[in-house]
Amino acid sequence: MTPLSFRSPPPWVSRALVILLLLVLWEILGRMGSQLFFSPLSMVATSGVTIFADREVLEALRTTAWILAIGFGLSVCIGLVLGLAVAMSRFTYQTFLPVLLLLYAIPQITVLPIFVLYFGSGPASKIAFGVSHGLFPIAVSVVAGVQGIKPLLVTSAISMGATRWQIFRRITLPYLAPSLFTGMRLASTATLLGVLLAELYVSSGGVGHFTRRFGESFQPDKLYALIAALSLMAILINETMRMLERRFSRWT
Amino acid sequence: MSAASAAGQALTARLTPAQRRASALVKLSALALLLIVWHFVTVTEIVSPFFLPKPADVLRNFIRIVGSGQAWPDLKVTLFEFAIAGPIALVAGGLVGFLVSLTRYGARVFEPIISSVYAIPIIIFYPISVMALGIGPESKIAHGALFGFFPICLNTIQGFSRVDPLLIRLAHSTGASQRQLFWRIMLPAAAPTILSGVRLGLMLCFLAIIGGETIASIEGIGHRVVWYAEGMQTGNMFAYIVFVVLVAVIMNAALSLLEFRKGRS
């Protein structure tokens, strides 16, 4: 609102400068601080090249990506069905929505050991734990989406002689799309959180194994490189989902 | 497919008394059924007690763990970590959020950076905390504070940037000073958004601490669950999980209360 005395550059230019500044700061602080815990950007980058040439690390990352994809897919399917079931009628909505919200309120991290007990320490427990994180945002968003549909639309469809399937196909589904995509964006980060939590907890294989190995042997450069790669993956997933969300929100 | 919509009625519309009774009955009988099935499969040992302890055993263990004060030392550690990490997250998040929102331009530059970092599951930074600070409380405090920082910071930015410009113009035209503008207009208008960020941030901070304890620790309530799990004491593990969930629920309720109280004043 306040007029500036100079013309400020467009926000993205300043944003790029800020990021650059942070990276430079990382390099400088990394050279100053203890090399045991901290590592300058340049070293992390060179280690990044070596660890991503390592077959085992690549294999672990690929496994994590697979687990994430399966977990996310299952979350969407189960969450969608669950959400539609809860929003099926006024009765089911008011009976089961409180139950859904109650289950959502239980912090999943506390039940992680049960998941490992039941699903073992392989990919299954990681997938299941990822689903336990991704399922609820989808279900709740779907319920909210159905709830937001104007009853008038449905009433007029009925008066024009629409069948249930037609109502579902022509009204419920298209009007649901924006909230479904919001739910999917939330679920993608939540599933990733769940999968990584399980990976770090089990840590016998996969990414968790390497974070533990690099951490315990005090190889910060490798640890940072691995974490930077995972962070980039998370940001990319989030941005992709945001793009999809924007695109499909325009649809209705 | 969607019968509510088929009836052309809003899902939130009130149920008839008969439907309300039926709804309560469905919920109660579902819970009862769950307990009966649980009891049945464990008593007959269709499911090994190693995988699923009897509900009565879980209850007995729960009473013993909570009643004997056995849980207290671990709870004290966790609460201590939270008592330090929470305020750090609060002050750092609020301060950064405030500084960034001093100008509209600052908010436009920094908000996307902070929110895309927030998209990273912060848990993956935990191994760094452990490497640098060890498996004692320090690493949990750092991790919890980092987790709590983002929602608080982002909501502070959002709260300040969504203050009605008309209010600000009004304050300017009545000759309000910068301080008056902040205390009388900006802060009260932004408070609800900031407070919901504070609630969320502190809750995430608390859960992150429990998560950190679960992954790598030697004490704390999150660690005790793992300790029982690794000792194959499934009965105690289930009871302790009930305890931890209860602690989290109470924490959540307490934090919601704070938001409600402050939101009104």
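Note that the structure is predicted; figures quoted are calculated from it, not measured. A, B, ... follow the sequence lines: proteins, then strands. Residue 1 opens every chain.
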Heavy-atom pairs under 4.5 Å with chain B: which of [options] has the most?
options: A:Gly215, A:Ser231, A:Ser156, A:Pro98; answer: A:Ser231
options: A:Thr211, A:Asn238, A:Ile114, A:Leu112; answer: A:Ile114
options: A:Ala85, A:Pro11, A:Ala234; answer: A:Pro11

Using non-hydrogen atoms only, which part of [X] is less than 4.5 Å away from chain B: side chain, backbone, both, or neither?
X: A:Pro220; answer: both
X: A:Arg169; answer: neither
X: A:Phe96; answer: side chain
X: A:Leu223; answer: side chain
X: A:Glu199; answer: neither
X: A:Leu226; answer: neither

Counting only non-hydrogen atoms closer than 4.5 Å, does [X] touch chain A with its backbone (N, CA, C, O), its side chain (CB onward), both, or neither?
X: B:Leu31; result: neither
X: B:Arg14; result: backbone
X: B:Ala132; result: both

In terms of heavy-atom contacts, does NZ of B:Lys27 have more than 12 from other residues, nucleotides or ligands at under 6.0 Å?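 Count over threshold, so yes.
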For B:Arg108, is the CZ atom crowded, meaning more than 12 foreign heavy atoms sit under 6.0 Å from it?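 Open.
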Partners passing side-chain contact (heavy atoms from CB on, under 4.5 Å) against B:Gln19 (at least two apart in sequence or in another chain):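 Scan of B:Gln19 (side-chain contact (heavy atoms from CB on, under 4.5 Å), adjacent residues dropped) gives A:Arg90, A:Phe91, B:Leu15, B:Thr16.
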side-chain contact (heavy atoms from CB on, under 4.5 Å) partners of B:Phe160, counting only residues at least two apart: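 Applying side-chain contact (heavy atoms from CB on, under 4.5 Å) to B:Phe160 gives B:Phe98, B:Ser101, B:Thr156, B:Phe182, B:Met186, B:Leu187, B:Ala190, B:Ile194.
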Holding to ring pair (Phe, Tyr, Trp, His ring centres under 6.0 Å), I want the full list of residues that pass it with B:Tyr240, two or more places apart in sequence or in another chain.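 With neighbours one apart ignored, the set is B:Tyr228, B:Phe243.
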For residues A:Pro113 and A:Leu117, determine if any side-chain heavy atom of one lies less than 4.5 Å from a side-chain heavy atom of the other.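 With C-beta onward as the side chain, the pair stays apart.
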Are the side chains of A:Val146 and A:Tyr93 in touch, meaning some heavy atoms are under 4.5 Å apart?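 They are not in side-chain contact.
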Given 3.5 Å as the limit, does a donor-acceptor pair link the side chain of [X] with the main chain of [Y], or not?
X: A:Gln94; Y: B:Leu11; value: yes
X: A:Ser125; Y: A:Gly120; value: yes
X: A:Thr92; Y: A:Ala87; value: no
X: B:Lys54; Y: B:Val41; value: no

With chain A, which of B:Ala22, B:Gly222, B:Gly106 has the greatest number of heavy-atom pairs at distances under 4.5 Å?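 Most heavy-atom pairs within the cutoff with chain A belong to B:Ala22.
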Choice from B:Ala24, B:Ser116, B:Pro112, B:Ala216 maximising heavy atom contacts with chain A below 4.5 Å: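 Heavy-atom pair counts peak at B:Pro112.
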Ring centers of A:Tyr224, A:Phe214 separated by less than 6.0 Å: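 No, ring centres 6.0 Å or more apart.
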Stepwise, does the side-chain contact (heavy atoms from CB on, under 4.5 Å) test hold for B:Ile123 with B:Ile215? CA-CA 10 Å; B:Ile123 189 71; B:Ile215 289 170; 3.7 Å; yes
Give me the contact list for residues 184-192 of chain A versus chain B, heavy atoms only, anything under 4.5 Å, ordered by residue number.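 At a heavy-atom separation under 4.5 Å, chain B is reached by A:Thr189, A:Leu192.
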